[in-house]
Amino acid sequence: MSEESIPVREQEIESVAARDSENLRGREFNWLPEGKHAAVCFSIDDVYPGMESNGRKADAAFNRDSLGHLRWLLERHTQLRATLFTTADWREISPLPTRRLLARIPLLRERFFLTEILPVGTMRLGNHPEFVQFLKQLPRVEIGLHGLHHVHRGPRIPVEFQEQGAAQCRRMLQEMIAIFDESGLEYVRSMNPPGWDMTESLARAMIEVGIKSVSSARDIRTPISRAARTNMSGLKGVSLIYPECIYAGQLLHITSNFQATSAVDRALEIIENGGLLAIKAHAVKTILGYTALDGLDELYRNYLDLIFTRLENLYGDSLWWTSMGELTDRYMIGNSNQSVAKAGTRS
């Protein structure tokens, strides 16, 4: 879902820019392949088997409209790649509180789910082999990780990881990964935390279970420049337009910086600055009266088609059309080679 409806945390994570040394900045490692000036990646959040009758009956067809639009784009733009951030066992029915009286009671509201939720297992990927097969046959598409249940007690319903400690976060991530493994759906070690929220505990747990990259900042407002830092949803103070190493180089961070409401000039400015144009969409446009501004409908699809066509015509082969997983793999290989080179120098 779009994050305009999610209240900002009172205490943001300490700025990574202040904590990590400058030699770990993403723009300082060689993240672009030779001959490429800038890059484009496209990702879609909230992918899960789907639902009908207010979430009581699972049906893979629910997401097929948005993913049908994705297929259309992939057919028209043969260099385009996509990362589908998928939830292991989706339980959210409404992203906004529907138990409104309870939602107005301080302290008590934090202890309860403020909306009806699905029973455990209803949307578990392994219980929907047809949907898993549907995802597998999409061309040039990879699957990323988008949480275990995508729901939490209290007002910030979609923000799954809030007050949990590192041990609890680790258990949830291990269960999430086990569900993906059980389903037979291949995935990349890249995660977009529900609600963009990445606590210190979650970051430590992700590193412990082997997740290599994260998209925990969304900023479609800050003006584009080489020095621009995020100051909108999720993590603050990371690079707006370049991949950046955080947590002592143990995670690669990728900021979402463009969506349906963004002007095409913003995309061109990111490319002109040699950055990564990271375009975000959501699989569900409207649910229980809530409308996601970046839901992948026909209008957004057509807008993206125009943007992709313009980028192809303006920049040709100088653009790297990549994905979260491919970018992460390139970073990890480069980082490993750099470590080997340093070890050789010391010896």
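All values below come from the heavy atoms of this structure, side chains included, with hydrogens, waters and symmetry mates left out. Computed from a predicted model, the values in this text were never measured in an experiment.
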Checklist entry - Hey, does T222 have a side-chain heavy atom less than 4.5 Å from the side chain of R229? => result no

Checklist entry - Should the pair Y242 and W31 be assigned to parallel (<30°), tilted (30 to 60°) or perpendicular (>60°) ring geometry? => result perpendicular

Item to check | N-O pairing of R91 and E160 below 4.0 Å | outcome: no

Item to check | Expected output: side-chain S66 to main-chain A283 donor-acceptor under 3.5 Å | outcome: yes

Next on the checklist: Would L70 and L84 count as a side chain to side chain contact (heavy atoms under 4.5 Å, CB included) here? Give the steps.
Outcome noted: CA-CA 10 Å; L70 170 62; L84 305 185; 3.7 Å; yes

Next on the checklist: Return the CZ to CD1 distance between F113 and I157, rounded to the nearest 0.5 Å.
Outcome noted: 9.5 Å

Checklist entry - Should L114 and P155 count as side-chain neighbours, where that means a heavy-atom distance under 4.5 Å? => result yes

Checklist entry - Is a side-chain N or O of E110 found less than 3.5 angstrom from the main chain of L108, in a donor-acceptor match? => result no

Checklist entry - Would a 4.5 Å heavy-atom cut-off, applied to side chains only, mark V47 and F131 as touching? => result yes

Item to check | Connected via hydrophobic side-chain network under 4.5 Å: I270 and Y303 | outcome: yes

Checklist entry - Can any side-chain N or O of R226 pair as donor or acceptor with the backbone N or O of N273 at less than 3.5 Å? => result yes

Checklist entry - Does L299 share a hydrophobic cluster with I220, counting links as ILVMFWY side-chain heavy atoms below 4.5 Å and allowing steps through other members? => result no

Item to check | 4.5 Å side-chain heavy-atom contact, M123 and D89 | outcome: yes

Checklist entry - Within a strict 4.5 Å, meaning less than it, do heavy atoms of the H77 and R140 side chains meet? => result no

Checklist entry - What about V188 and L125, same hydrophobic cluster or not, with Ile/Leu/Val/Met/Phe/Trp/Tyr joined at side-chain heavy-atom distances under 4.5 Å? => result no

Checklist entry - Given the rule in the side chain to side chain contact (heavy atoms under 4.5 Å, CB included) test, do L319 and L277 qualify, once you have shown the distances and angles that lead to the verdict? => result CA-CA 10 Å; L319 276 186; L277 174 62; over 6 Å; no

Checklist outcome for this item: Tightest non-hydrogen contact, residues H253 and V238, listed as CE1-CG2, 3.6 Å

Next on the checklist: I need the full list of salt bridge (charged side-chain N to carboxylate O under 4.0 Å, His left out) pairs touching residues 274-286, with sequence neighbours left out, sorted by first then second residue.
Outcome noted: D45-K280, K285-D297

Next on the checklist: Test your reading of the model: is there a side-chain donor-acceptor pair from H149 to the backbone of T87, 3.5 Å cut-off?
Outcome noted: no

Next on the checklist: With a 4.5 Å cut-off on side-chain heavy-atom distances among I, L, V, M, F, W and Y, is there a chain of contacts connecting M191 to L185?
Outcome noted: yes

Next on the checklist: Which heavy atom of P243 sits nearest to which heavy atom of L327, and what is that distance?
Outcome noted: CG-CD2, 3.9 Å

Next on the checklist: Main chain of R301, side chain of D305: is a donor-acceptor contact present, judged purely on distance under 3.5 Å?
Outcome noted: no

Checklist entry - Does E142 reach the main-chain N or O of G325 with its side chain, forming a donor-acceptor pair under 3.5 Å? => result yes

Checklist entry - Looking at side-chain heavy atoms only, is the closest gap between D294 and F258 below 4.5 Å? => result no

Checklist entry - To the nearest 0.5 Å, how far apart are CD1 in I307 and CZ in F42? => result 10.0 Å

Checklist outcome for this item: Residue pairs passing the side-chain hydrogen bond (donor to acceptor under 3.5 Å, both in side chains) test with at least one member in residues 175-185, sequence neighbours excluded, are R124-E182, D181-Y187

Checklist entry - How about E163: does its CD atom have over 12 heavy atoms from other parts shown lying under 6.0 Å from it? => result yes

Checklist entry - Near N313 CG, under 6.0 Å, is it more than 12 heavy atoms from other residues, nucleotides or ligands? => result yes

Checklist entry - Is a side-chain donor or acceptor of Q79 paired with a backbone partner of E312 at a separation under 3.5 angstrom? => result no

Checklist entry - In chain order, what residues pass the side chain to side chain contact (heavy atoms under 4.5 Å, CB included) check against P33, with sequence neighbours excluded? => result K36, W320, R330

Item to check | Spatial distance of atom OG (S239) from atom CD1 (I246) [nearest 0.5 Å] | outcome: 11.5 Å

Next on the checklist: Do L268 and Y315 have side chains that approach each other closer than 4.5 Å (heavy atoms only, starting at C-beta)?
Outcome noted: yes

Next on the checklist: Please find the pair of heavy atoms, one from P158 and one from P194, that lie closest to each other, and give the distance.
Outcome noted: O-CB, 3.0 Å

Item to check | Expected output: side-chain N257 to main-chain A278 donor-acceptor under 3.5 Å | outcome: yes

Next on the checklist: Set out, in order, the CA-CA distance, both residues' side-chain angles and the distance that settles side chain to side chain contact (heavy atoms under 4.5 Å, CB included) for L148 and I179, then state yes or no.
Outcome noted: CA-CA 9 Å; L148 175 59; I179 290 173; 3.8 Å; yes

Checklist outcome for this item: The reported gap from CG in L135 to CD1 in I143 (rounded to nearest 0.5 angstrom) is 4.5 Å

Next on the checklist: So which atom in E272 and which in H37 form the shortest heavy-atom distance, rounded to 0.1 Å?
Outcome noted: O-NE2, 3.7 Å

Next on the checklist: Using side chain to side chain contact (heavy atoms under 4.5 Å, CB included), reason through L293 and Q259 one step at a time and then give a plain yes or no.
Outcome noted: CA-CA 9 Å; L293 298 177; Q259 70 165 38; 4.2 Å; yes

Next on the checklist: If I take atom CE from residue M206 and atom OG1 from residue T199, how far apart are they, to the nearest 0.5 angstrom?
Outcome noted: 8.0 Å

Item to check | Residue of the set R204, E200, Q164, E208 for which side chain to side chain contact (heavy atoms under 4.5 Å, CB included) holds with C169 | outcome: Q164

Next on the checklist: Under a 3.5 Å distance rule, please check whether R189 uses its side chain to pair with a backbone N or O of T328 as donor and acceptor.
Outcome noted: no

Item to check | Which atom of P97 lies closest to which atom of A103, heavy atoms considered | outcome: CB-CB, 4.1 Å

Checklist outcome for this item: Rounded to the nearest 0.5 Å, the CG atom of L173 sits from the CG atom of L145 at a distance of 8.5 Å

Checklist entry - Is there a path from M172 to F85 through hydrophobic residues (I, L, V, M, F, W, Y) whose side chains come within less than 4.5 Å of each other? => result yes

Item to check | Nearest heavy atoms of C245 and L252, plus distance in Å | outcome: N-CD1, 4.2 Å

Checklist entry - Any side-chain heavy atom of N192 within less than 4.5 Å of one from T83? => result no

Checklist entry - Taking the side chain from T230 and the backbone from G237, do they hold a donor-acceptor pair closer than 3.5 Å? => result yes

